[in-house]
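Have a look at the structure below before the remarks.
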Amino acid sequence: MWFIENYDDRASLGLKVKQKLHEEQSSFQKIEVYETEFFGNLLTLDGLVMLTEKDEFVYHEMITHMPLCTLENPEKVLVVGGGDGGAIREILKHSSVKEAILCEIDERVVRVCQKYFPGTSCELENGKVTLAFEDGFKFLGNYENYFDLIITDSSDPVGPGVALFKEDYFKLVKKALKPDGIMVSQSESPWYYEETMNSMTLAMSNVFKHVETYIALVTLYPSGFWTITAASDTHSLHNFNHKKSTEISKTCKYYNPELHKGSLALPNFVKNIVKNK
Ligand code: SPD
């Protein structure tokens, strides 16, 4: 038996699976969990790969430690999306963090991941973590000048997720951030989402002074060549705390200080897509 993710009829990914462990239609999306032959359990939302137990560390380490090792003393962090808990797990490795909020619109994603992805969701009940099952847009509207870091760990820009890639959303994020805060957002693959990467980085650069795209090699996302984009008025990811990065990397399977630097180097065709400044 095979799970197939179809990339808009342009290409597809096939994963050999042993069995389907879970299937439900929540109020927002179809949630499925498979036991795969080689990648552990697989979570899909509306048929799209969100994570597998085997490769999730790449994405979650890179979306968190790049900004957290750039900020000197991050205390308050918000994750929009990310119901699997992988980003929260990594954030809590930073002892400076006093409060981590997960704003996930679909509570069912969290509950399903708590059952089938214990290694990813393991910190969701930590006392520093608050779970808010709300729309990210509405939630952000309640905050001003509050967070050191806001991470958008969204699914792909289809359906309701589209709004998280637009300028109005980045403006709300900026208002909720402290003036010296950082936002990061998963920004898709240059092979399959060129237009999204172009428009979202342009929108980010209309709102923030510095916009920096970096690379994370996530094997099971379309093409395996994935990007994350950071934005800030005051910080550049190039100026990170090497000592902190070295310490954190001892707990990581992918992230380290060399990779922190190297992942910011973009091939020319990607430089031409993104509007970094
Ligand atoms: N095409 C996959 C994009 C998914 C990005 N977010 C994944 C959620 C993992 N926490």
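Just so you know, ligand 1 is whichever comes first in the structure, and atom 1 is the first atom listed for that ligand.
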May I ask you to check if ligand 1 and [X] share an N or O to N or O distance below 3.5 Å?
X	result
Glu5	no
Ser155	no
Trp226	no
Glu188	no

Does this structure show an ion pair linking Lys250 with Glu247, if we count only N-O contacts that are shorter than 4.0 Å?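 Between Glu247 and Lys250 there is a salt bridge, with a charged N closer than 4.0 Å to a carboxylate O.
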
Short N-O contact, Glu99 and Lys76, less than 4.0 angstrom: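 Between Lys76 and Glu99 there is no salt bridge, as every charged N stays at least 4.0 Å from the carboxylate O atoms.
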
Give the residue, atom name and distance (to 0.1 Å) of the protein heavy atom nearest [atom].
atom	value
atom 2 (C) of ligand 1	Val49 O, 3.3 Å
atom 3 (C) of ligand 1	Asp156 OD1, 3.3 Å
atom 7 (C) of ligand 1	Tyr221 OH, 3.0 Å
atom 8 (C) of ligand 1	Asp153 OD1, 3.2 Å
atom 6 (N) of ligand 1	Ser154 O, 2.8 Å

Taking everything shown except Lys115 itself, do over 12 heavy atoms lie less than 6.0 Å from its NZ?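 Open.
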
Neighbour count >12 (heavy atoms, 6.0 Å) for atom NZ, Lys166: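 Atom NZ in Lys166 is not packed in, count stays at 12 or less.
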
Does Asp84 have a heavy atom less than 4.0 Å from any atom of ligand 1?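 The answer is yes: ligand 1 sits under 4.0 Å from a heavy atom of Asp84.
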
Is the closest heavy atom of Glu56 to ligand 1 under 4.0 Å?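 No heavy atom of Glu56 comes that close to ligand 1.
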
Spatial distance of atom CG (Leu13) from atom OH (Tyr7) [nearest 0.5 Å]: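 These two atoms lie 4.0 Å from each other.
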
Partner of Glu35 by salt bridge (Lys or Arg N to Asp or Glu O under 4.0 Å), out of Lys20, Lys18, Lys54: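 It is Lys18; the other options fail the test.
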
Which ligand 1 atoms, with their elements, are less than 4.0 angstrom from a heavy-atom of Met50?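 Selected atoms, number and element: 4 (C), 7 (C), 9 (C).
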
Quick check on contacts: which atoms of ligand 1 are under 4.0 angstrom from a heavy atom of His60?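 What qualifies from ligand 1 is 9 (C), 10 (N).
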
With under 30° as parallel and over 60° as perpendicular, where do the rings of His260 and Phe240 fit, or are they tilted in between?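 Plane angle under 30°, so parallel.
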
Is the ring centre of Tyr255 less than 6.0 Å from the ring centre of Phe57?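 So the answer is no for these two rings.
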
Give the C-alpha distance, both sets of side-chain angles, the deciding distance and a yes or no for side chain to side chain donor-acceptor pair (under 3.5 Å) between Thr227 and Thr213. CA-CA 7 Å; Thr227 69; Thr213 299; 5.9 Å; no

